[in-house]
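Please read the structure below before turning to the comments.
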Amino acid sequence: MDTKELKSQRVQTDEAIVELYWKRNEDAIKETDKKYGKYLLVIADNIVHNRLDSEECLNDTYLGTWNRIPPTRPVSLQSFLARIMRNISVGRFRQNTADKRIPSELVTSLDELEECIAGEDSMDRERATRELAEIINQALGAMTDREQYIFVCRYYYADKISAIANSLGVSEVTVNRTLSKLRSDLKSRLDQAGYTI
Amino acid sequence: MRQKDEIKLDALSMMDDEIIEKNTQKRNKLMCKKRAPRWILPSSVAAAVIVAIMVPVLLLLLMKQVPIYEGMTVLENYNGTSSASIDPERRGNGFDFLSDKKDNNGNGNNGDNGNHYGQNKKPTGEIVAEDSSIDLDIPEQKMYYATPGQDIYINVHISNPDNFVILSFTLNGKMYSSYMFEDGSDMENLILKVTVPADAEGIIEYTIDAIKYVDGTDIKDVIMKGERTIKVGVYTDDQPTANLSDEKTDTFGYSFDVSVNDNRLLISRCGGAVYAMLLDDTSIIEYRELGLGSSYHVEFTSLQSGAEYRIAVVAYYDSFDGKGFSAHVLYEKTIFTGALVAITDVKLEKSTLTFDLEIDERFPITVTSIDLVSNDIVVQSVDADARKFENVGYIGEYFVVANYDHGEEKGKAISTESVVIDKLSDVSHLVPGGTIFKPFSGELQIWNKSTLDFREHHAIDIKVTEDASVYAAAPGTVTSIYYDDRNGWVVAISLGDGITEMRYEGLNEYSIEVKIGDTVVGGTLIGNAESPIMEVADPEHLHFSVYENGVAIDPQKYVYYEVLPFAEYEFMK
C-alpha cells in the first residue's frame, strides 16, 4: 500500500498500520499511538497504577512491537499490542514492588487468588509456576466462554470489577459471584493435585 | 514482591495462548462499547418521568407552525406563455466547436489534394477532441434565461402548513402586497410577475426579503431558510473577446501574447475558464489556461517542422444564449511551422518547371535529391543542386519534393505551391512528333476512306512519324484493356473524377505496357499506335478520344491543337 494513501486517512486500519511496520516506516508508531495509545494506557494503569510508569510501559510496548513486526504479521493488532503491554506492565510492576507493595488492581487480583493458592514461599519456583499454570489452564478449559472472559479480564489484564461488569452489561455482584465460583473451582483442582507453594 | 505472588504472576502469564487471544479480542470489542447506564426506577417515578417528557412534546405539537421561506424559482410556463427558459441540462460536451470544422474543397476527392507526404496536410473534415485531457469542471448552476423586456413569473415557495395569510414581501427593495400576486397563487406559492428591463444585459439578480404574515392581530416575519437570490441571464452582444499579438513562428514552435476581455464578467461570474489551444486536424495537442484581464505569453514548442496546426482561444462559460455552459471560440487561426527545408517559388514556363530551395542552416541538413511528383508518383528526379525540371508538359498537379538527411534521420520537404497543367500544349506529348490527321467532327459526318462512307468522328487521329509510342495525357487509372471491332486494341484510363475517361485506341496488341488497375501519370508509356480497323486505309495513327459521363467530347478540352477548316486536314487530301 502506498504510504501517501495511508496518510490521507484519519485512522488507519490495522492492516495498514502493520504494513507500515513491515515497510519500517516510523509513521507506524505514530498511527499505533493514535489508534491504541489510550487503550493501552488503561491496561498499564490497572497493573502499575502510576501514570509515569504507564507511559514508560507504553513506549516499551511500541519498541517491543517495532521489534516483533516483522517477522510477525498479527491478525489482530489490538490483541497483539494488549498482550505485549500487559507483559511489559507486569514486568514493571515486579520492578516497582521489589521492596514494597503498591496499591494496584493487579495486587488486588493476586490477593483474591490467595484464598485458593495458599502455602508458604517455596524455593522451587520454576516447578511451582509450571504446575500452577497447568492447573489454571485445565480450569480454563472447563469454563464457559463467559467465565473464561471474566477470568482473563480479572487475572490476566487486572481489569476492575466495574469495568468487567459494564462490558458484559451485568452487575458487579454478578461478576464477583462468578469470580468467587471460579476461584473455588481452582482451589478444588489445586487440592486434588496436591499443589502447595 | 513475595515469591508466591511472583509464582502467581508467572503462572497467569502462561495461560493458554488461544484462550488469551480469543478473550483479548472479545475484551477489545466489549470494553470499547459504551453501554447506557442501567436505570432502575420505581414505577411511580417512571410514570412521572414519562409525563414530564411527553406533555411538553404534546404542547409543541398543538402550537401553530411559523411559515418558512424555502426558495424561489422562475416558472417555465405560466398560463400558457413561456416565462423563462431554464437550462441546467442543455450543455455541450465542451468540444462541440471542433466538430464544426469541415474542409470545403468541393472537388470530389478525399480532401487532401492528393498530397500524402505528411507535411502540409490540410484538415479533412470533422474534428473531434474526445480524447482531450482538459478536465472541464463544469459548475453546477441554476440559471434562468430571458430576453430584454420579457415578463417572467417568479414563484416564491413557503412552507405554511397552518395556512397563515401572507401579507407581503420585498423583492429587490420593492414591496409587493398580496393583491399584486398573480392568479394561481396560494399561501404556499406566491406568483409574482416582473419585467426584465429592456436595456438589461448579463446577469440580473432578484433578491427577496421581509416576508410578512398575519397571526391573529399581529404581523410577523416568515422564517427565511431558502436561497434568497435567483439569477436570470440576459444575452448580450458584448461577449468576451481575445486579442493576439506578437505572433512568432519558428521551425519547431509557435508563440504569441494573448489577452482576454470579459467586460460583462460572463466568464468569471459563472466559474468559467479560458484556454489557449494548439490543435492538429483531429485533436487538441496542448492547452494553457489563461486568466482574464492580463496579457499572457503562450509558447507551444516541440512541434513538427513544416507542419500545419490550428491555434484557438476557447472560453467555457454561459453566454445566456440558452445553451447553458458551453465552449465559445474567441479566436482561431491556422499556422504553419517553419520548415527545415523549404521549396518555394515554383513556376512553370513553357515546359520548364523552376523552383528555389531554402535550408535552415541552424541544423545539419543535406539535400540528397529532388523529385518532381504527380499523383504520388515520382515523374522526374534531379540532383540536389538542380533547380529546374525540363519537359514538364503532361496534365496533372506537380509538387517538388526535396529528400534530405537530418543527422541520422531522413526527411522529405514538399513544396507548398504546386503547378497544375490542365491541358497538353501539343499533340506530340501523346505521340512524339505526331500531327493531327483527322479532327473531332462531333455530329458532322465526314468521309471515311476505309469504310467508304460518311460518319461522325468522335476522336482526334494523331499521325505517327518515326516513333509510334503513345504516352498518357493525364494521370489516372487503367480501367479496361479490350479489343474493339472498329477501333482495334483500346486502353481506357479513368481520370478519377468519376466522369472522365480517356481512350487510347488502335494500339498494337503486343506493345501495351500497362495493365488494368495500374495508376499512370501524364507521360506514362501506354504502347504503340497502329490504326483502328475502320481507319486502316489511313496512315498509322493514334485514335484518341475523351468521354465524359459516357459521351464523347472534343479532346480539345485536354489537348491543344490548331483547328483548321476540314478541307485543310490531311485526311481530306
Side-chain angles (χ1 to χ4, degrees), chain A residues 36 39 42 75-76 78-80 82-83 86-87 90 93-94 96-101 106-107 109-111 113-114 117-123 125-126 128-137 140-141 143 145 148-153 155-157 159 163-164 166-171 197, chain B residues 1-54 131-140 271 273 286-289:
Chain A
Y36 295 121
Y39 161 80
V42 169
V75 172
S76 167
Q78 189 176 13
S79 306
F80 185 82
R83 292 175 71 174
R86 184 266 178 190
N87 291 332
V90 164
F93 173 81
R94 280 192 222 273
N96 291 349
T97 58
D99 297 321
K100 57 185 189 294
R101 292 180 65 80
L106 181 63
V107 170
S109 69
L110 290 176
D111 284 346
L113 288 172
E114 189 75 10
I117 305 171
E120 303 294 324
D121 285 354
S122 162
M123 295 304 290
R125 181 176 152 178
E126 255 185 69
T129 304
R130 206 171 45 249
E131 286 176 8
L132 180 57
E134 204 176 324
I135 293 167
I136 289 174
N137 281 324
L140 277 168
M143 290 178 197
D145 283 353
Q148 263 186 22
Y149 171 80
I150 291 172
F151 190 91
V152 168
C153 283
Y155 298 118
Y156 187 79
Y157 286 107
D159 284 325
I164 300 170
N166 197 46
S167 72
L168 286 170
V170 301
S171 65
I197 56 167
Chain B
M1 185 190 281
R2 300 175 304 168
Q3 191 179 32
K4 249 192 339 188
D5 286 336
E6 297 251 4
I7 290 169
K8 281 185 238 171
L9 256 182
D10 287 341
L12 289 166
S13 299
M14 289 164 68
M15 276 198 253
D16 183 80
D17 267 359
E18 268 185 47
I19 292 174
I20 295 294
E21 178 63 23
K22 180 181 87 178
N23 287 288
T24 301
Q25 289 190 26
K26 186 174 177 180
R27 177 180 176 276
N28 294 339
K29 283 185 195 148
L30 294 177
M31 289 286 180
C32 294
K33 257 192 197 172
K34 290 192 179 161
R35 290 185 182 273
R38 298 166 68 230
W39 298 94
I40 303 167
L41 294 171
S43 55
S44 57
V45 172
V49 165
I50 289 167
V51 168
I53 292 167
M54 291 305 297
D131 62 343
S132 167
S133 59
I134 291 184
D135 188 15
L136 274 183
D137 187 18
I138 299 176
E140 285 296 321
E286 280 185 61
Y287 62 91
R288 307 272 188 276
E289 187 168 354

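Values in this document were obtained by computation on a predicted structure and should not be read as measured data. Letters A, B, ... mirror the listed sequences (proteins, then strands); counts begin at 1.
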Here the pair of heavy atoms bringing B:D17 nearest to A:R83 is OD1-NH2, 2.5 Å
Take A:L140 and B:E18 through the test side-chain contact (heavy atoms from CB on, under 4.5 Å) and record every step on the way to the result. CA-CA 11 Å; A:L140 277 168; B:E18 268 185 47; over 6 Å; no
Separation between NZ (B:K8) and OG1 (A:T129), nearest 0.5 Å, reads 12.0 Å
Value for OH (A:Y155) from CE (B:M15), rounded to nearest 0.5 Å, stands at 10.0 Å
With sequence neighbours left out, the residues meeting ring pair (Phe, Tyr, Trp, His ring centres under 6.0 Å) with A:Y156 are none
Separation between CG (B:L30) and CD1 (A:I164), nearest 0.5 Å, reads 11.5 Å
- [ ] Check whether any side-chain N or O of B:D16 sits under 3.5 Å from a backbone N or O of A:N137 as a donor-acceptor pair, and report yes or no.
- [x] no
To the nearest 0.5 Å, atom CE of B:M14 lies from atom CZ of A:R130 at 7.5 Å
Might you confirm whether atom CD of A:E134 has over 12 heavy atoms from other residues, nucleotides or ligands at distances under 6.0 Å?
-> no
Closest non-hydrogen contact found for A:I136 with B:A11 is CD1-CB, 4.2 Å
If you tally heavy-atom pairs under 4.5 Å between each of A:G141, A:A82, A:A163, A:S109 and chain B, the highest tally belongs to A:A163
| Going by atom types only, do B:K26 and A:Q148 share a side-chain donor-acceptor pair under 3.5 Å? | no
Heavy atoms of B:N23 and A:Y149 approach each other most closely as OD1-CA, 3.2 Å
When the 4.5 angstrom heavy-atom criterion is applied to A:D159 and chain B, the contacting part is side chain
Could you give me the CA-CA distance, side-chain angles and deciding distance for A:S79 and B:R27, then say whether side-chain hydrogen bond (donor to acceptor under 3.5 Å, both in side chains) is met? CA-CA 9 Å; A:S79 306; B:R27 177 180 176 276; over 6 Å; no
| request: Would you check, one step at a time, whether the test side-chain contact (heavy atoms from CB on, under 4.5 Å) holds for B:L12 with A:R86? | output: CA-CA 11 Å; B:L12 289 166; A:R86 184 266 178 190; 3.9 Å; yes
